[in-house]
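Sequence lines set the chain letters: A, B, ... in the order given, protein chains first and strands last, and positions in each chain run from 1.
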Amino acid sequence: MPELPEVETIVRGLNSMVKGLTVQRLPHVSPHLLKREPQLRQLTGDTFKSFERRGKYIIAFLKSGRRLMIHLRMSGRILVGEDQRRRDKHDHLEIVFRARSRRLVFRDVRKFGVIQFVRDGQQETLNRLGAEAPAITASQLQALVCKSKRHVKSLLLDQYVIAGLGNIYVDESLYRSYIHPLRASSSLSAKEIRALARAIRQIMALAIKNLGTTFDSYSGVNGETGRFARYLKVYNQNGSRCGKCSDIIVKIKVGGRGTHFCPTCQKDDCRS
DNA sequence: ATTCTCACCTGTTAGC
DNA sequence: TGCTAACAGGTGAGAA
C-alpha cells in the first residue's frame, strides 16, 4: 500500500504526535509480530526520540540507543489517537504512552508488515537501498539503467536500485516521461533518462505535498487521507481517456504487477 | 550472476 | 443472487 510519499507523511505525523513519548505498556502484541521480533516487548519503558524515513522504511530512534524499523508493506497502517478506542480485529500492536493517555496502533489486514529492532542484518538491508527517489538525478539514473536489460518498470520498482517508488508512482513517472513500461532499461536514450529522472522528482514532490494517495484504506497517523489520487493520469485510469492524446489508457501485467499506460504517448516501437 | 515467479494473508470486486 | 477467481499500494526466497 504505502509508497514513499505515504511513508513520509506518516513519519512527519509520528514526529509531531509521538516524538518524546515514553511507552507505558503494550496492551496487545500479535504472535506473528513477536515471531519476527521476539524482543518487541522491550519497548516498554523506552522513549521515542525521533523518526526518520529511508525508502519505504520507518526508523524510530529510541532513548535506549536502539532503533526500531517498521515496514508497512501492502496494508500496514499506523494510527495515533486517544487511549480509549475499541480494538480492531486487524490491530497487531498497541502502544499506550505515559503522557496524555495517547495510544499508537499498528493495523495491518494482510499481515505482511514487519516491525523489528535494527540489527546487523537489517542495517545491511538499509545500506543496500538505492538513492532516494525524490532526489534522483539523471546521471545517477543513467548509471543504473544502462547496465540492465530488465523492463524499465521492474527496474524502477527495485528498492535496491531506487528507494521509495512503488506501483502507482512508477506508472505515473513513466507516463509523464513518455516511456513504455516494457522498454528494456538499457535502451533508454540520454534524453529519456533526463525526462524520467525529472518526472520522478516532480511526482514525488507533488505527492508528498498532497500527503500521498488514498484509494480506500491509507491515511496518515491522524486518519487524514492523501489527496494525490486527483492527480493520477494513468494508475487505475484504464478505460478512460489520456489527457494528452485522448487515446484510451490500458492496463497490462508487467512482472506480475498491474501496469497502466497510454499506448499512444508511451510507444513501444523501440523496446530493445 | 541476474532475473523471474510465486508465496506470504485477508478483503474486495469482477465475472460467470 | 451466489459462488469462484483474480486482484490489491510490497518484498524476499528460491527457481530458472
Side-chain angles (χ1 to χ4, degrees), chain A residues 1-11 30-33 35-36 53-58 69-78 88-92 106-116 121-122 124-130 133 144-174 181-187 203-204 207-208 210-220 225-239 250-260 271-272:
Chain A
M1 165 179 94
E3 306 179 33
L4 186 151
E6 293 75 31
V7 177
E8 177 66 25
T9 302
I10 289 166
V11 165
S30 284
H32 79 274
L33 286 183
K35 200 170 167 187
R36 283 297 285 260
R53 179 192 60 71
R54 175 75 174 101
K56 299 174 191 169
Y57 288 90
I58 299 164
M69 188 167 102
I70 302 170
H71 199 300
L72 302 169
R73 294 287 182 98
M74 291 289 266
S75 58
R77 304 179 63 185
I78 291 177
D88 184 274
K89 71 190 276 205
H90 303 298
D91 291 350
H92 303 303
F106 172 68
R107 184 172 297 175
D108 186 8
V109 169
R110 295 175 71 179
K111 298 189 198 167
F112 293 165
V114 174
I115 302 179
Q116 35 186 191
Q122 291 71 244
E124 175 63 18
T125 299
L126 292 175
N127 292 345
R128 283 173 41 219
L129 290 174
L144 299 164
V145 145
C146 68
K147 286 180 293 197
S148 174
K149 289 155 77 172
R150 295 163 73 182
H151 296 142
V152 62
K153 158 119 184 184
S154 299
L155 191 81
L156 294 176
L157 282 173
D158 188 336
Q159 301 301 295
Y160 301 109
V161 175
I162 297 178
L165 294 178
N167 211 30
I168 298 175
Y169 299 113
V170 166
D171 281 4
E172 294 299 317
S173 299
L174 290 171
L182 288 174
R183 286 279 298 283
S185 301
S186 55
S187 78
I203 283 169
M204 287 290 102
I208 289 169
N210 284 278
L211 313 178
T213 306
T214 300
F215 295 120
D216 40 71
S217 69
Y218 165 79
S219 76
T225 54
R227 301 185 300 257
F228 191 76
R230 69 178 67 155
Y231 297 101
L232 294 176
K233 306 294 188 195
V234 286
Y235 190 88
N236 240 13
Q237 308 302 306
N238 44 105
V250 300
K251 180 176 181 181
I252 61 170
K253 271 240 192 295
V254 179
R257 313 298 304 278
T259 298
H260 317 72
R271 270 192 224 170
S272 56

query: Is there a donor-acceptor contact under 3.5 Å linking the side chains of A:His92 and A:Asp108?
result: no
query: Are any of A:Ser148's side-chain N or O atoms less than 4.0 Å away from OP1 or OP2 of B:dT3?
result: yes
query: OP1, OP2 of C:dA8 versus side-chain N and O of A:Lys251: anything below 4.0 Å?
result: yes
message: For C:dT11 and A:Gln159 - does any side-chain N or O of the residue sit under 4.0 Å from the phosphate oxygens OP1/OP2?
response: yes
statement: Rounded to whole Å, CG of A:Asn167 lies from P of C:dC7 at a distance of 13 Å
task: Mind calculating the distance between CD1 (A:Ile78) and C1' (C:dG9) to the nearest angstrom?
output: 15 Å
- prompt: Taking NE2 from A:His151 and C1' from B:dC4, how many angstroms apart are they, rounded to a whole number?
  reply: 10 Å
query: A:Lys35 NZ to B:dC9 P: how many Å, rounded?
result: 9 Å
- request: In whole angstrom, give me the gap between the P atoms of B:dT3 and C:dG9.
  value: 23 Å
field: For atom CG of A:Asp108 and atom C1' of C:dA8, their distance in whole Å
entry: 13 Å
- request: Assign A:Gly258 to base, sugar-phosphate, or nothing according to its heavy-atom contacts below 4.0 angstrom with the strands shown.
  value: sugar-phosphate
query: Can you tell me how far P in C:dA5 sits from the matching atom in B:dA7, rounded to whole Å?
result: 15 Å
statement: Nearest-nucleotide check on DNA chain C, A:Tyr57 vs A:Glu6; residue mapping nearer the 5' end is A:Glu6
- prompt: Just how far, in rounded Å, is P of C:dC7 from CZ of A:Phe215?
  reply: 17 Å
task: Please determine if a side-chain N or O atom of A:Lys56 lies less than 4.0 Å away from the OP1 or OP2 oxygen of C:dG9.
output: no
query: Would you find a donor on one side and an acceptor on the other, under 3.5 Å apart, between the side chain of A:Glu3 and the backbone of A:Tyr169?
result: yes
For atom CG of A:Leu156 and atom C1' of C:dT11, their distance in whole Å: 16 Å
- prompt: Picking from C:dG9, C:dG10, B:dG11, which would you name as closest to the side chain of A:Arg73?
  reply: C:dG10
task: Using a 4.5 Å cut-off on heavy atoms from C-beta on, say whether the side chain of A:Met204 contacts that of A:Leu165.
output: yes
field: G-U wobble or Watson-Crick pairing nucleotide for C:dG14 (cut-off 3.5 Å, both distances)
entry: B:dC4
query: Say you pick atom P in C:dG12 and the same atom in B:dG11; how far apart are they, in whole Å?
result: 24 Å
task: Check every strand shown and say whether A:Thr214 touches a base, only sugar-phosphate, or nothing at a heavy-atom separation below 4.0 Å.
output: base
query: Can you find a side chain N or O atom of A:Lys149 that sits less than 4.0 Å from OP1 or OP2 on B:dT2?
result: no
- prompt: Given the P atoms of B:dC6 and C:dA6, what is the spacing between them in whole Å?
  reply: 12 Å
message: Regarding A:Lys147, tell me which of base, sugar-phosphate or nothing describes its non-hydrogen contacts under 4.0 Å with the strands shown.
response: nothing
field: Touch class at under 4.0 angstrom, heavy-atom based, for A:Tyr169 against every strand present
entry: nothing
- prompt: C:dG12, B:dT10, C:dG9: which one has an atom nearest the side-chain heavy atoms of A:Arg257?
  reply: C:dG9
message: For the residue pair A:Lys251 / A:Asn236, report whether a side-chain donor-acceptor contact shorter than 3.5 Å exists.
response: no
task: Check whether any side-chain nitrogen or oxygen of A:His90 sits under 4.0 Å from OP1 or OP2 of B:dG11, and answer yes or no.
output: yes
task: Name the nucleic acid region contacted by A:Gly166, choosing base, sugar-phosphate or nothing; use a 4.0 angstrom heavy-atom cut-off, strictly under.
output: sugar-phosphate
- prompt: C:dG12 phosphate, OP1 or OP2: any side-chain N/O from A:Tyr160 under 4.0 angstrom?
  reply: yes
- request: Assign each of A:Phe112 and A:Arg150 to its nearest nucleotide of DNA chain B by heavy atoms, then name whichever residue's nucleotide is nearer the 5' end.
  value: A:Arg150
- request: Run through A:Thr259, A:Asn167, A:Val170, A:Thr213 and flag the one making a side-chain contact (heavy atoms from CB on, under 4.5 Å) with A:Tyr235.
  value: A:Asn167
- line: Between CZ of A:Arg77 and C1' of B:dG11 the distance, given in whole Å, is 14 Å
message: If you only use heavy atoms from C-beta on, which nucleotide in C:dG9, C:dT11, B:dG11 is closest to the side chain of A:Val109?
response: B:dG11
Given C:dG9, B:dC9, C:dG12, the nucleotide with the shortest approach to the side chain of A:Lys111: B:dC9
message: Quick one: does any side-chain atom of A:Arg53 pair with a main-chain N or O of A:Gly55 as donor and acceptor, under 3.5 Å?
response: yes
- prompt: Okay, side chain of A:Ser219, backbone of A:Thr225: is any donor-acceptor separation there less than 3.5 Å?
  reply: no
message: Classify A:Phe228 by what it touches in the nucleic acid, base, sugar-phosphate, or nothing, heavy-atom distance under 4.0 Å.
response: nothing
- prompt: For A:Asp216, which contact category applies under a 4.0 Å heavy-atom criterion: base, sugar-phosphate, or nothing?
  reply: base
